[in-house]
Amino acid sequence: MTAISIAFTLNGSPVSVDVDSAERLLDTLRYRLGLTGTKEGCGEGECGACTVHLDGLPVDSCLVPTYQVRGRRVDTVESLDPPALEPFARGGATQCGACTPGVVMTAWWIRDHPELLGTHTLRELMAGNLCRCTGYDGIVDSIGAVLGERGSA
Amino acid sequence: MTVLLPGSERDALEMLAAADGDAVPIAGATDLLVSWPGRLEDHRKTYVDLSGLAGLRPLRWTGDELVLGGLTSYWDVIRDVRVRQEFPLLVAAARQVGAIQIQVRGTWAGNIVNASPAADGVPVLMAYDAVVELESLRGREEVPLDRFYTGYKEMRRRPDQLVVAIRLPRRPYSVQKFVKVGSRRAQAIAKVGLAITRAAAGWRVVAASMAPTIRRCPTIERLLEEGAPVRGPDDLLPAIARDVSPIDDIRSTAAYRKRVMARVLYYELREACGWRA
Ligand SMILES: Cc1cc2nc3c(=O)[nH]c(=O)nc-3n(C[C@H](O)[C@H](O)[C@H](O)COP(=O)(O)OP(=O)(O)OC[C@H]3O[C@@H](n4cnc5c(N)ncnc54)[C@H](O)[C@@H]3O)c2cc1C
Ligand code: FES
Ligand code: FES
């Protein structure tokens with residue numbers, strides 16, 4: 001195992017870390033940088049609980065080798081403003097909460113790119129975020145509420 | 001694990017050559033990093049990271065070709081309005097690969113070299129007569145995708161070669177279909193996949209999850225070329241039996257796969273071919 005020194009932008013601030021070359025971004029965030037908001041569900045790219053933004057696009061951090069983010073921009077659930085997440089709490093979009101950090105990261109990407117809804121449905125865009133609790137209607141409706149708020153803001 | 005970070009495509013080729021077959025290119029990592037913590041064997045390998053080679057990323061158009069780069073992702077293709085118009089099957093297949101998080105990271109070249117018999121990118125590329133461009137220190141080589149695979153996970157690529165481009169001829173098509181049959185719409189591996197095109201160059205029928213490799217179906221293509229009468233899905237079964245050899249596995253059975261392939265072909269092509277029961 002070899003160590004690599006990398007620098008990248010995390011939630012708007014520059015960070016430099018030495019990481020193991022075999023390390024996943026998910027583990028760097030949680031265990032080296034203390035950002036435990038990002039969760040591990042499956043470790044194989046199926047569930048989306050580990051979703052973060054890499055250069056503004058949603059990715060599964062369990063499938064990103066950390067050295068690949070050198071010089072790039074990473075945003076995690078910790079970058080979101082808690083009051084902005086109110087609709088998810090109100091709308092039954094979260095129960096056990098394991099999927100929620102990933103769900104809201106994908107939702108925020110959609111919120112920042114409403115043009116996506118010209119070609120995709122919300123459900124297609126959210127298909128990479130599995131939830132074992134809510135049955136999805138609460139999630140989809142809450143994202144709709146967030147999009148509506150933004151639309152009228 | 002050792003990872004080498006090349007500063008240029010040339011560096012990457014030198015690293016692959018110097019490793020004498022022991023270095024693995026890594027791009028979007030959506031195949032290579034699945035269940036990573038438990039795969040200790042793979043932690044001991046040497047990887048050559050392609051993700052920093054920005055020049056390999058863009059897709060480009062020439063007068064007669066669409067050229068995907070060695071790092072072009074599914075998402076790059078999905079967002080390209082011209083691809084949507086001229087090569088709609090690329091977009092249709094890309095949107096059915098995993099889900100968004102996989103589509104923004106996964107690459108077409110990675111899909112080709114991963115060589116899964118159930119892949120979704122490969123069948124549509126093959127139905128468009130894609131040519132794989134390989135490069136090493138020894139030079140460039142072009143292999144038509146329909147002759148690229150030689151057996152299960154075996155292909156005409158040496159370990160020192162990178163896929164640097166995937167070239168698709170631009171042609172008018174009168175038929176373009178992609179059908180993926182899986183357990184659910186997203187995050188599913190195909191039980192049966194079919195990509196079908198018709199251009200002046202003829203019919204292309206490409207089957208996935210039906211043989212050890214993704215492959216064209218020459219008997220069916222001939223039957224379509226000749227305009228043979230087909231009165232129902234069952235009439236296609238003998239040709240299917242000659243072209244593919246599906247297996248029973250965790251996702252499906254050989255018998256189911258053949259039946260589904262016959263039905264999908266029949267109902268997708270009935271109108272274009274004027275078939276009547
Ligand atoms: C949850 C999940 C769902 C998925 N769903 C689907 C699906 O529905 N359909 C489907 O087809 N696939 C699916 N995949 C598989 C995967 O996303 C694709 O095969 C993807 O295209 C691989 O590209 P990559 O860049 O991530 O490859 P990597 O993982 O980086 O590499 C894959 C292989 O290609 C080689 N390689 C990569 N680039 C090059 C190059 N330029 N030259 C030479 N060799 C190269 C690597 O050495 C490796 O052997 C899924 C994967 C996951 C994790
Ligand atoms: S933990 Fe990354 S997708 Fe499930
Ligand atoms: S709230 Fe429990 S998995 Fe989604």
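Lettering of chains follows the sequences in order, A, B, ..., and the numbering in each one begins at 1.
Side-chain atoms of B:Q187 never come within 3.5 Å of backbone atoms of A:C47 as a donor-acceptor pair (strictly under, hydrogens ignored). Side-chain atoms of B:W36 come within 3.5 Å of backbone atoms of A:A22 as a donor-acceptor pair (strictly under, hydrogens ignored). Put simply, the side chain of A:S21 gets close to the backbone of B:M1: a donor and an acceptor are under 3.5 Å apart. Formation of a donor-acceptor pair under 3.5 Å by the B:Q101 side chain with backbone atoms of A:D60 is not found in this model.
Around CD of A:E115, the count of heavy atoms belonging to other residues, nucleotides or ligands within 6.0 Å exceeds 12. Within 6.0 Å of atom CZ in B:R251, more than 12 heavy atoms from other residues, nucleotides or ligands are found, so the atom counts as buried in its surroundings. In B:R60, the CZ atom is not crowded: 12 or fewer heavy atoms of neighbouring residues, nucleotides or ligands sit closer than 6.0 Å. Within 6.0 Å of CD1 on B:I189 lie no more than 12 heavy atoms contributed by other residues, nucleotides or ligands. Other residues, nucleotides and ligands contribute more than 12 heavy atoms inside 6.0 Å of the CZ atom of B:R158. The number of heavy atoms from other shown groups lying within 6.0 Å of CZ (B:R171) is above 12.
Each of B:V3, B:T30, B:V34 has some count of heavy-atom pairs under 4.5 Å with chain A, and the biggest count is that of B:V3. When each of A:T51, A:L54, A:D27 is scored by its heavy-atom pairs under 4.5 Å with chain B, the top score falls to A:T51. Highest contact tally toward chain B, considering only A:G48, A:P65, A:G71, is held by A:P65 [criterion: heavy-atom pairs under 4.5 Å]. In terms of non-hydrogen atom pairs under 4.5 Å with chain A, the most contact-rich of B:P37, B:G98, B:G38 is B:P37.
Between A:P58 and B:I100, the shortest heavy-atom contact is CG-CG2, 3.7 Å. Between B:A99 and A:A127, the closest heavy-atom pair is CB-C, 3.9 Å.
Of the atoms belonging to B:R79, it is side-chain heavy atoms, and not backbone ones, that fall under 4.5 Å from chain A. Contact of A:T119 with chain B is made through backbone and side chain together, with heavy-atom distances under 4.5 Å. Using a 4.5 Å cut-off between heavy atoms, B:I26 contacts chain A through both its backbone and its side chain. Only the side chain of B:R84 comes within contact range of chain A, with at least one heavy atom under 4.5 Å from a heavy atom of that chain. Residue B:A188 does not touch chain A at all, counting heavy-atom pairs closer than 4.5 Å.
Between B:S35 atom OG and A:E46 atom CD the span is 9.0 Å, to the nearest 0.5 Å. Rounding to the nearest 0.5 Å places CZ of B:R95 at 3.5 Å from NE2 of A:H120. For the atom pair OH of A:Y67 and CG of B:L5, the computed distance is 7.5 Å after rounding to the nearest 0.5 Å. Taking CD1 from B:I78 and CG from A:L116, the interatomic distance works out to 10.5 Å, rounded to the nearest 0.5 Å.
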### Query
Can B:R105 and A:Q68 be said to form a side-chain contact (heavy atoms from CB on, under 4.5 Å), step by step?
CA-CA 11 Å; B:R105 295 269 302 159; A:Q68 285 196 348; 2.7 Å; yes
### Query
Does the side-chain contact (heavy atoms from CB on, under 4.5 Å) test come out yes or no for B:V104 and A:V59, once each step is laid out?
CA-CA 7 Å; B:V104 305; A:V59 302; 3.7 Å; yes
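In this structure the side chain of B:D49 reaches within 4.5 angstrom of the side chain of A:R70, judged on heavy atoms. Between A:C62 and B:L33 there is no side-chain heavy-atom pair separated by less than 4.5 Å.
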